[in-house]
Amino acid sequence: MTSQATEVELEDLLHQALRAAERDARWAVRSEGMWCHAVPREGTQREQGWKLHVSATVASAPAVLAKALDVLVRGDSAFKFARSLDQVRVLNSRGAPRGSSGKVVTVYPSSDEEAVRLAQELHRATEGLDGPRIMSDQPYAAHSLVHYRYGAFVGRRRLSQDGLLIWYFLDPDGNPVEDRRTGQYEPPSWAVCPFPASVPAPPRPAQAPAKPVVIGGRFAVREAIRHTNKGGVYRGSDVRTGEPVVIKEARPHVDTDDTGRDVRDWLRAEARTLEKLKGLGLAPEPLTQFEHGGHLFLALEEIPGVALRNWVAEHFRDVGSERYRAEALAMAGRLVDLVAAAHAHGCVLRDLTPGNIMVLPDGELRLIDLELAVLADDDALPTRLGTPGFSAPERLTDAPVSPTADYYSLGATLCFVLAGKVPQLLSEEPAGRPDEERLAAWLDACAAPLALPPALAEVILGLMRDDPAERWDPARARTALRAASPLPPVGDAAGPARDGQDVEAAVAGIVDHLVDSMTPEDDQRLWPVSTTAGETGPCTVQQGAAGVLAVLTRYFALTGDTRLPELISTAGHWMVRRTDTRSARPGLHFGARGTAWALYEAGRAVDDPRLVEHALELALAPQVTTPSHDITHGTAGSGLAAVHLWHRTGDARFAELAVEAADRLAAAAQRDASGVSWAVPAEAAAQEAGKRYLGFAHGAAGVGCFLLAASAVSGREDHRELALASGELLVANALRIGEAAQWPAHSSDAPTAPYWCHGSAGIGSFLLRLWQATGDDRFGELARRGTYAVTEQASRAGGAQCHGLAGNGDFLLDMADATGDPAYRARAEELARLILAEGAWRRGHVVFPNEYGDVSTSWSDGSAGILAFLLRIRHTEPRHWMVQSPV
């Protein structure tokens, strides 16, 4: 049945119920996104209160919905339901968010009394039908499909302290309270529950008190390894033997298919596979299956060590690039042997990934999470389940079980071990280059920064052929790997000549995408962005219109593209209508002065006095008091924008604002023997309180960079001295691993990835400027070492500014400009090639995946930030959002 047919089928149930109750005229019905909404035409609906949810499986959804509608259409409370069985499947999938999973029907009762009546009637109507427990809610009764929670009925959102849009309701005093959709039932303390006492939620082993909970009469639970919608994975011990165990949980009715099978069937399949592999040293030894609180559990021996996914990141971090490369080649050989051994015992894995392989302390490997594995004498459960990037394409389309799919997964896992990631190859429209051709281009781009010999690339490509019949088997891969050793030193493997036409074509494709995707008629978003990691205000630099506008303004200044003046003016006035000059949020990337910066430059570029005027009013608006000190959200970011606007306008008011910001930071500075830092205040982020971040976005590097710029405005030695003390803190916390300098995110932590946000690229950008200002070679030497960190990890990064190659490349270009050494520009161009290799063409546009696999236009994680870096590659322009000398 197609998605369209199932939508019609489910929505037809509503119209049938309305006709049967003779209530068609009473209800307004609309379909929107994944939901069908029904609202009474008369009466006033509440904005918040106790809401009801009814769960269902794919198999039970038509019956559950039909019975629920019989109750609902006779009442006066608004409701919505999932429009299609496909949407029900998504809501109940193993990967669904635990805070929203299972909510097939949502009811917004017109009163608390109505909520109680409807809950009782819906429970009676759906009793005996199947549906998962909704983790964010309280069940109405034991085994009931009906659940309740307190929450917002209407879509009210506001900006949180960290600059992200959140849903909220009001407390009795009218204060906004975040409407958190988590995997736990957490009603506000002041909300009086109108429902009769119900059966408590099933026991949650992960929430064990000081005395461990014993489940299955035998296993004491110590801690949770992870929680997902399908159930948790826990560490514990066998009380009979004292041996450590891992316990896997499967919740009823999650990921149910059309036949009624759910994640419990997959856990039983894993138990059967492990039983047949017992004693072979390939996988954990199974102990027993049992039920507890209605959930199915499987207890296994605990495998000591770390998941291969973690080993790749942590081992590279701990031993440095040269040693890691040699050990990664040995690891690749062990992976080939592991898959060959599994196949020799008749086991097809179907989900081989770096997360499903454990590395023991001695380097040996074990397979874990074998729920999709199939043995020769097993009846395989049909599935499209898999892991994007690692599962063979045919595996995700119900292809018959075949070891050739494991060959593909082996190739992807080898790629992950050797290069640190598998490229995200977004689909192209129309379909163009084969995936294996695009993978070859990405591996080609890895050649210089990674020193990946052609022989290793050939192994990966051979295993990952698009045609399953052409894929290499493990024996051929093993032979080729042996021939590839030893690896050449970094720098000895030369990449192909760079082609400036590739950059020009990509720039044109990105600009076309930004031009064509602008939607000024949309009241919420001017350009499409990814909201997987949260959503900022619509006009910010980080994720809003200001970031895109700034880059298009720069592109217009460089090229004179005649399409852009009108577009820039339209975008600017869209932002003018949505920014309040009476009060402004602080910060550069999440605050109003970053928006003002972009509007000012746009207005100047297209000679629009209204944009310039509004930009200056916004920049001078009183700022909301902030406890944050940093560049992105706080005082340093506001101050940096004030310095820029002072340089651009000569307006003494901006100089005063910059000096005030520097003085506030001076008053908040905390000194110790290693230098000066700014601890996160509890009122800014309670869970982060007291942490002393080092990076540019949130820590000492960004604050120090502003103070250095502010000292040139104020002429005060105390501001300059604070900037120097920030540099001293970074010198004291530098970690030298081989030739590279890396830093932890905050003091006394392990080194973090070398990105702008927390790592070497952002910290190096400040130290470079401090070296230029002081001539102190300690700062210059650490900046140079920071370039090794961003180059060594180039193949592991995505393309973005905040956490990726664009921000890292901007740092390399800064080094090239400051030192005159062309080697830094050459390395930046290699990073550009890696970015371009993950680009996808869609109807003449070029788009890129962010770290979540989404397409976004934003500055921080999308096309705008990438475009800014590529423009610097082609035109040697100054860096965005950094203070330049007055023109």
Side-chain angles (χ1 to χ4, degrees), residues 503-520 525-530 536 538-572 574-575 588-590 593-606 608 611 615 641 644 648 756 799-802 804-811 813-814 828 831-832 835-836 839 845-848 850 855-882 884:
V503 176
E504 293 288 1
V507 165
I510 297 169
V511 172
D512 287 347
H513 175 56
L514 295 177
V515 168
D516 292 342
S517 64
M518 190 177 84
T519 53
R525 283 283 160 189
L526 189 55
W527 278 284
V529 297
S530 167
T536 72
C539 296
T540 63
V541 170
Q542 183 79 355
Q543 197 192 51
V548 185
L549 178 65
V551 181
L552 288 178
T553 299
R554 175 75 59 84
Y555 181 77
F556 170 64
L558 291 169
T559 66
D561 189 324
T562 57
R563 297 173 298 173
L564 293 183
E566 182 178 355
L567 180 146
I568 289 170
S569 182
T570 298
W574 188 94
M575 294 165 63
L588 175 58
H589 292 76
F590 287 79
R593 284 203 188 138
T595 303
W597 183 331
L599 283 172
Y600 178 82
E601 299 301 338
R604 288 280 300 266
V606 299
D608 189 328
L611 291 187
H644 170 78
R648 294 289 280 155
W756 171 84
Q801 275 281 344
C802 192
L805 295 170
N808 291 3
D810 269 333
F811 167 46
L813 292 175
D814 286 353
L831 267 56
I835 292 174
L836 297 183
H845 298 165
V846 175
V847 296
F848 299 90
N850 68 4
V855 171
S856 182
T857 61
S858 69
W859 169 265
S860 63
D861 72 343
S863 300
I866 291 172
L867 176 60
F869 167 56
L870 295 178
L871 288 177
R872 291 188 72 196
I873 287 285
R874 300 304 297 152
H875 298 282
T876 62
E877 284 295 298
R879 188 171 182 175
H880 278 273
W881 316 119
M882 297 291 275
Q884 312 299 329

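Listed for the R874 side chain is no donor-acceptor partner under 3.5 Å among the backbone atoms of E504. Put simply, the side chain of Q543 gets close to the backbone of S530: a donor and an acceptor are under 3.5 Å apart. Of the possible polar contacts, one joining the T857 side chain to the P528 backbone as a donor-acceptor pair under 3.5 Å is found. R593 places no side-chain N or O within donor-acceptor distance of the main-chain N or O of L588, the cut-off being under 3.5 Å. For S569 (side chain) and P565 (main-chain N/O), no donor-acceptor pair under 3.5 Å exists by modelled atom type.
Nearest heavy atoms, Q801 versus G865: NE2-O, 3.1 Å. The two residues L813 and A828 have their closest heavy-atom pair at CD2-CB, 3.7 Å. Summarising the geometry of L549 relative to A602, their closest heavy-atom pair is CD2-CB, 3.9 Å, with the distance given to 0.1 Å. Residues F556 and A605 approach most closely at CE2-O, 3.5 Å, considering heavy atoms. The two residues A868 and W859 have their closest heavy-atom pair at CB-CZ3, 3.4 Å. The heavy-atom pair separating L526 from P520 by the smallest distance is CD1-CA, 3.7 Å.
Taking OG1 of T519 as the reference point, atom CH2 of W574 lies at 7.5 Å (rounded to 0.5 Å). Put simply, CG on L564 and OG1 on T559 are 6.0 Å apart, with the number rounded to the nearest 0.5 Å. Considering SG of C539 and CZ of R525, their distance stands at 8.5 Å, rounded to 0.5 Å. The structure places NE2 of H875 at 7.5 Å from OH of Y555, a figure rounded to the nearest 0.5 Å. Taking OG1 from T536 and CD from Q542, the interatomic distance works out to 7.0 Å, rounded to the nearest 0.5 Å. The line from CG of L805 to CZ of F848 is 11.0 Å long, rounded to the nearest 0.5 Å.
Between R879 and D810 there is a side-chain heavy-atom pair separated by less than 4.5 Å. Proximity of L871 to H880: side-chain heavy atoms (C-beta onward) are nowhere separated by under 4.5 Å. Under the 4.5 Å side-chain criterion, counting only non-hydrogen atoms from C-beta, L552 is in contact with L567.
For D861, the side-chain hydrogen bond (donor to acceptor under 3.5 Å, both in side chains) partners two or more places apart in sequence, or in a different chain, are N850, S856, S858. Applying the side-chain hydrogen bond (donor to acceptor under 3.5 Å, both in side chains) criterion to R554, with sequence neighbours excluded, gives no partner residue. Residues passing the side-chain contact (heavy atoms from CB on, under 4.5 Å) test with A832 are F869, L870, I873, sequence neighbours excluded. Here F590 pairs with H633 under the ring-ring contact (aromatic ring centres under 6.0 Å, His included) rule; sequence neighbours left out. Evaluation of the side-chain hydrogen bond (donor to acceptor under 3.5 Å, both in side chains) rule for H644 yields W597, E601 as partners, not counting sequence neighbours.
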Give the intermediate values and the outcome of side chain to side chain contact (heavy atoms under 4.5 Å, CB included) for residues T570 and M518. CA-CA 10 Å; T570 298; M518 190 177 84; 4.0 Å; yes
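Aromatic ring centroids of H589 and W756 lie under 6.0 Å apart.
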Return a table of donor-acceptor pairs under 3.5 angstrom between the side chains of residues 509-516 and protein atoms on other chains or two or more places apart.
| from | atom 1 | to | atom 2 | distance (Å) |
| --- | --- | --- | --- | --- |
| D512 | OD1 | R563 | NH1 | 2.8 |
| D512 | OD1 | R563 | NH2 | 3.3 |
| D516 | OD2 | H845 | NE2 | 2.7 |

